[in-house]
Protein chains: 2
Amino acid sequence: MVYRKVFSVRADAQRNRDRIVEVARALFRAKGFEAVSMDEVAKAAEVGPGTLYRHFPTKESLYDAVLEAWAEKVNTAVDRALTLDAPARDRLLKWLTAYASMLTEHKGAAARITAALGDPGSPFAAKCQTYLGANQRIIEALDSALRPGVDAMQISRLVGGVAAVVDNSELPADAAASMLAVVADGLIAS
Amino acid sequence: MVYRKVFSVRADAQRNRDRIVEVARALFRAKGFEAVSMDEVAKAAEVGPGTLYRHFPTKESLYDAVLEAWAEKVNTAVDRALTLDAPARDRLLKWLTAYASMLTEHKGAAARITAALGDPGSPFAAKCQTYLGANQRIIEALDSALRPGVDAMQISRLVGGVAAVVDNSELPADAAASMLAVVADGLIAS
DNA sequence: TGCAAAACGGAGAGCGTCTCCGTATAGTTC
DNA sequence: GAACTATACGGAGACGCTCTCCGTTTTGCA
């Protein structure tokens, strides 16, 4: 008769969506955001461009989906750094290192996420909140050991900047480490 | 009979080149690198796309020409910072501030130049050498006051990272200043 | 099995960088 | 000034990109 029920999600749609994200993750990780075209993702996932764009209206939104689960790692990284039995400076540095390494895990992510930090309209807004919250926890935990006046946004931007440089220039881990050491020492009250 | 002499530069070519650079500088400064198209520059300079591309084979090379004179300011900025009669930390901070402000003078320049720091094949290679040399002068002048092991590349990248974030997020001067203060303190020996 | 909601996919719009090549012009030689 | 050629001009268009429109196919409840 009349069509009453509204479908939840059609099986083929779910399958395609999953395959797209999976394929896109591999491509983005290997070649970076800009070097991967949407046509390329569509072909690799064996769907038409129209299908790809129905699931993800913009390339940015696809990237966001690729980075989805990955933001969850942040809070566990904070925990690990805070439970460390060491001076404040070392706990801070451990967190900064973990944070930077998560940002550089995907080529192009560091600059994008850091640029989105103050923009609530960005597709990455939710991830930014997670990051800011994590840095806030660090500030509250280390508290008096830190330079007065630092806030979560400042730390996020400083580390984001370092991560973006490391990412762009494809620097080795020790170059990143020495820059983060400078930042960590600068953040500790003198 | 036979044509012997080789022309130096034809007058119309020189005129067009100058007008292109002038127009492009205004456009890049106002809208940033990515937001300006080559067609737009060609139209504003009243030349055809072919002419534009003969003078500047890539968009990057046009950007390089726009930034030409500007790199000369660097050395005078170093001088000014070094002749300051103040503690090492203040002289360093003054230089970092000047450096960052030069990098953010043109939208999009900070990330580009910083990314080119280690790449001799980049169109910006000459400018990078100037920058690295300037930071080297700072290191030699402040010497023992600095954290052991810092080099010019490291400082260039740290400030470049901060400048890129400031540029991307269009942050006010005081946000930049507080980040640079962290970097400066981290660079001073504790 | 019938049927409508939902998803599919390809052609193509619109914009970007950059190229090719026929035409126009500057500047030298007589 | 006229002839002549190295040089510069500029527009049409190749190619690749993101993203859209819409006719066709598939899915799954009745």
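Note on naming: letters A, B, ... go to the chains in the order of the sequence lines (proteins, then strands), and numbering restarts at 1 for each one.
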Peer 1: Can you pull out every ring-ring contact (aromatic ring centres under 6.0 Å, His included) where at least one residue sits in residues 143-180 of chain A? Sequence neighbours excluded, please.
Peer 2: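 Listed by first then second residue: nothing to list.
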
Peer 1: Separation of A:Glu46 atom CD from C:dC8 atom P, in whole Å?
Peer 2: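 My rounded result for the distance is 14 Å.
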
Peer 1: Need the bend value for the helix from C:dT1-D:dA30 to C:dC30-D:dG1: angle between end axes, 5 pairs each end, nearest 10°.
Peer 2: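 About 0° separates the two local helix axes.
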
Peer 1: Does B:Arg91, at its CZ atom, have more than 12 non-hydrogen atoms belonging to other residues, nucleotides or ligands within less than 6.0 Å?
Peer 2: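 Atom CZ in B:Arg91 is packed in, count exceeds 12.
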
Peer 1: Rounded off to whole Å, could you give me the NE2-to-C1' distance for the B:His55 and D:dC9 pair?
Peer 2: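 My rounded result for the distance is 9 Å.
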
Peer 1: Measure CG/B:Leu52 against C1'/C:dT17 and give the value in whole Å, please.
Peer 2: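 Whole-Å distance recorded here is 10 Å.
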
Peer 1: Could you work out, with side-chain contact (heavy atoms from CB on, under 4.5 Å) as the rule, every residue matching A:Ser37, not counting sequence neighbours?
Peer 2: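 Residues passing side-chain contact (heavy atoms from CB on, under 4.5 Å) with A:Ser37: A:Asp39, A:Glu40.
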
Peer 1: What N/O pairs connect the protein and nucleotides 17-21 of chain D at under 3.5 Å? Give each pair on its own line.
Peer 2:
| unit_1 | atom_1 | unit_2 | atom_2 | d |
| --- | --- | --- | --- | --- |
| D:dT18 | OP1 | A:Lys59 | NZ | 3.0 |
| D:dT18 | OP2 | A:Met38 | N | 2.8 |
| D:dC19 | OP2 | A:Lys59 | N | 3.0 |

Peer 1: Just jot down the side-chain contact (heavy atoms from CB on, under 4.5 Å) partners of B:Ala42, sequence neighbours excluded, or say none.
Peer 2: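 Counting only residues at least two positions away or on another chain, B:Ala42 forms a side-chain contact (heavy atoms from CB on, under 4.5 Å) with B:Val47, B:Leu52.
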
Peer 1: So does A:Ala175 get a backbone contact from the side chain of A:Ser178, meaning a donor-acceptor N/O pair under 3.5 Å?
Peer 2: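 At least one qualifying donor-acceptor pair exists.
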
Peer 1: Show every ring-ring contact (aromatic ring centres under 6.0 Å, His included) that has at least one partner inside residues 9-32 of chain A, sequence neighbours left out.
Peer 2: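 Counting only pairs at least two positions apart or across chains, the ring-ring contact (aromatic ring centres under 6.0 Å, His included) contacts touching residues 9-32 of chain A are A:Phe28-A:Phe33, A:Phe28-A:Tyr63.
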
Peer 1: Heavy atoms within less than 4.0 Å of DNA chain D: which residues of residues 16-30 of chain A have one? Give them sorted by number.
Peer 2: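 Here the set is empty: none.
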
Peer 1: Find the distance B:Leu62:CG to C:dC18:C1' and express it as a whole number of Å.
Peer 2: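 It works out to 13 Å between those atoms.
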
Peer 1: Supply the members, apart from A:Met153, of the Ile/Leu/Val/Met/Phe/Trp/Tyr cluster built from side-chain contacts under 4.5 Å; use none for a lone residue.
Peer 2: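 Direct or chained contacts put A:Met153 with A:Leu117, A:Leu132.
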
Peer 1: Taking 4.0 Å as the cut-off, does a side-chain nitrogen or oxygen of B:Thr51 come that near to OP1 or OP2 on D:dA8?
Peer 2: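 It does not, given that no N or O in the side chain of B:Thr51 lies less than 4.0 Å from OP1 or OP2 of D:dA8.
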
Peer 1: Can you pull the ring-ring contact (aromatic ring centres under 6.0 Å, His included) pairs that have at least one residue in residues 130-175 of chain B, sequence neighbours excluded?
Peer 2: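 The answer is B:Tyr99-B:Tyr131.
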
Peer 1: Considering residues at least two apart in sequence or located in another chain, which fulfil the side-chain contact (heavy atoms from CB on, under 4.5 Å) criterion with B:Ile188?
Peer 2: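 Once residues adjacent in sequence are excluded, the partners of B:Ile188 under the side-chain contact (heavy atoms from CB on, under 4.5 Å) criterion are B:Arg89, B:Leu92, B:Leu146.
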
Peer 1: Taking only residues two or more places apart in sequence or in another chain, which ones pass side-chain contact (heavy atoms from CB on, under 4.5 Å) with B:Lys127?
Peer 2: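 B:Asp64, B:Leu67, B:Glu68, B:Ala71.
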
Peer 1: If you check every side-chain atom of B:Arg10, which of D:dT27, C:dT25, D:dC9 has the closest atom?
Peer 2: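 My answer, after comparing the listed nucleotides, is C:dT25.
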
Peer 1: Under 4.0 Å between any heavy atoms, over every strand shown, what does A:Ala11 touch: base, sugar-phosphate, or nothing? Just pick one.
Peer 2: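 The residue A:Ala11 makes sugar-phosphate contact but no base contact.
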
Peer 1: Per the ring-ring contact (aromatic ring centres under 6.0 Å, His included) rule, what does the pair list look like for residues 106-127 of chain B, sequence neighbours excluded?
Peer 2: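 Of all non-adjacent pairs touching residues 106-127 of chain B, those that pass ring-ring contact (aromatic ring centres under 6.0 Å, His included) are B:Trp70-B:His106.
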
